[in-house]
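Inspection log for the structure reproduced underneath, given as structure tokens.
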Amino acid sequence: GAGVSQSPRYKVAKRGQDVALRCDPISGHVSLFWYQQALGQGPEFLTYFQNEAQLDKSGLPSDRFFAERPEGSVSTLKIQRTQQEDSAVYLCASSLGGTGLFFYEQYFGPGTRLTVT
Amino acid sequence: AQTVTQSQPEMSVQEAETVTLSCTYDTSESDYYLFWYKQPPSRQMILVIRQEAYKQQNATENRFSVNFQKAAKSFSLKISDSQLGDAAMYFCAYRSAGGGNKLTFGTGTQLKVEL
């Protein structure tokens, strides 16, 4: 596709449920990022993949959060036993990777708005 | 760790006028990149302009320009000839030049454009 796509766009979960959020990056993009954006805040980094390797997961807030990218393209962010504080927009971004600023430009998807009730 | 601060939660500008959004950052690194992103209500982040820290010349993209003051760790965005379509949330972001590629964002400035 032409851009990064995410699904679902909206998700409502009851506290304690598990959720899975999907990201389809731009074809050929090596790098993939997940960010969490709480209401009225800027996005905060969660995790980063280069191809299928998860190189940085320092931003994951707890062990309830898990991300994977098994074939180096589509990625899934999974949240187990959701809590109210998990309510946020989850943004995915991809970039070509490589060297130099040009290849590192991150293209963002529209995000998934998660509401935990 | 790097931090990015945007001290203006909201700004207003009249159509066709000029507005400046402020951003300061804190880092111990000498080589890095700075960005301004626009986020309309659709939530899709759009890159507006970028600046490499090693470049002294301020970046310019059509009606958008920056004032990059490396010593002061300041990176403001100037929007000239403001248009209704410029209304959005604007985020300042930092990225280290070496190692990790993650972006560190500020809290954003909501820009309103008035007729």
Side-chain angles (χ1 to χ4, degrees), chain A residues 1-6 8-10 23 26 29-51 53-60 67 88-114, chain B residues 1-10 21-25 31-55 57 59 61 66 68 75 77 88-110:
Chain A
V4 178
S5 59
Q6 293 186 245
R9 290 293 309 275
Y10 301 89
C23 173
I26 294 172
H29 277 196
V30 168
S31 299
L32 186 145
F33 304 80
W34 284 98
Y35 294 87
Q36 180 190 57
Q37 186 175 17
L39 186 65
Q41 300 296 315
E44 291 192 357
F45 170 79
L46 292 177
T47 187
Y48 159 59
F49 290 87
Q50 188 164 313
N51 296 306
Q54 190 174 18
L55 299 186
D56 187 348
K57 54 182 181 179
S58 62
L60 295 176
V89 173
Y90 291 85
L91 296 170
C92 176
S94 70
S95 71
L96 276 171
T99 58
L101 179 62
F102 176 78
F103 293 105
Y104 279 26
E105 180 171 336
Q106 294 185 25
Y107 296 85
F108 283 80
T112 295
R113 181 181 295 279
L114 173 65
Chain B
Q2 295 80 27
T3 59
V4 178
T5 301
Q6 293 179 250
S7 58
Q8 305 156 315
E10 278 189 14
L21 308 184
S22 301
C23 172
T24 58
Y25 58 94
D31 201 10
Y32 48 87
Y33 304 102
L34 295 166
F35 306 86
W36 279 98
Y37 278 88
K38 171 184 178 181
Q39 188 178 43
S42 66
R43 300 200 303 259
Q44 192 132 15
M45 299 282 267
I46 302 164
L47 179 64
V48 173
I49 197 166
R50 60 178 178 256
Q51 173 80 43
E52 295 93 326
Y54 65 85
K55 288 187 177 179
Q57 187 173 7
E61 287 286 343
V66 299
F68 173 49
F75 182 61
L77 174 69
M89 183 72 86
Y90 286 80
F91 291 97
C92 178
Y94 173 103
R95 202 206 91 198
S96 176
N101 304 321
K102 66 181 181 182
L103 293 168
T104 300
F105 288 89
T107 52
T109 296
Q110 181 70 51

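Only heavy atoms go into these numbers, but all of them, side chains included; no hydrogens, no water, no symmetry mates. Throughout, protein chains are lettered first and strands after them, A, B, ... in sequence-line order, and every chain is numbered starting at 1.
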Under 4.5 Å heavy-atom distance to chain B, tell me which part of A:Thr47 shows up: side chain, backbone, both or neither. neither

Pair B:Tyr33, B:Glu52 - check side chain to side chain donor-acceptor pair (under 3.5 Å), show working. CA-CA 5 Å; B:Tyr33 304 102; B:Glu52 295 93 326; over 6 Å; no

Do A:Trp34 and A:Gln36 touch side chain to side chain, with heavy atoms closer than 4.5 Å? no

Counting only heavy atoms closer than 4.5 Å, note whether B:Ser42 contacts chain A via side chain, backbone, both or neither. backbone

What part of A:Leu91 lies closer than 4.5 angstrom to a heavy atom of chain B: side chain, backbone, both or neither? side chain

Which atom of A:Thr112 lies closest to which atom of A:Pro8, heavy atoms considered: OG1-O, 2.5 Å

Engaged part of B:Gln39 at the chain A interface, taking heavy atoms whose separation is under 4.5 Å: side chain

Relative to chain B, which of A:Glu44, A:Gln41, A:Gln106 shows the most heavy atom pairs under 4.5 Å? A:Gln106

State, to 0.1 Å, how close B:Thr104 and B:Val4 come at their nearest heavy-atom pair, and which atoms those are. O-CG2, 3.5 Å

Select one option (side chain, backbone, both, neither) describing which atoms of B:Leu103 are under 4.5 Å from chain A's heavy atoms. both

Between B:Phe75 and B:Tyr25, does the ring centre distance come in under 6.0 Å? no

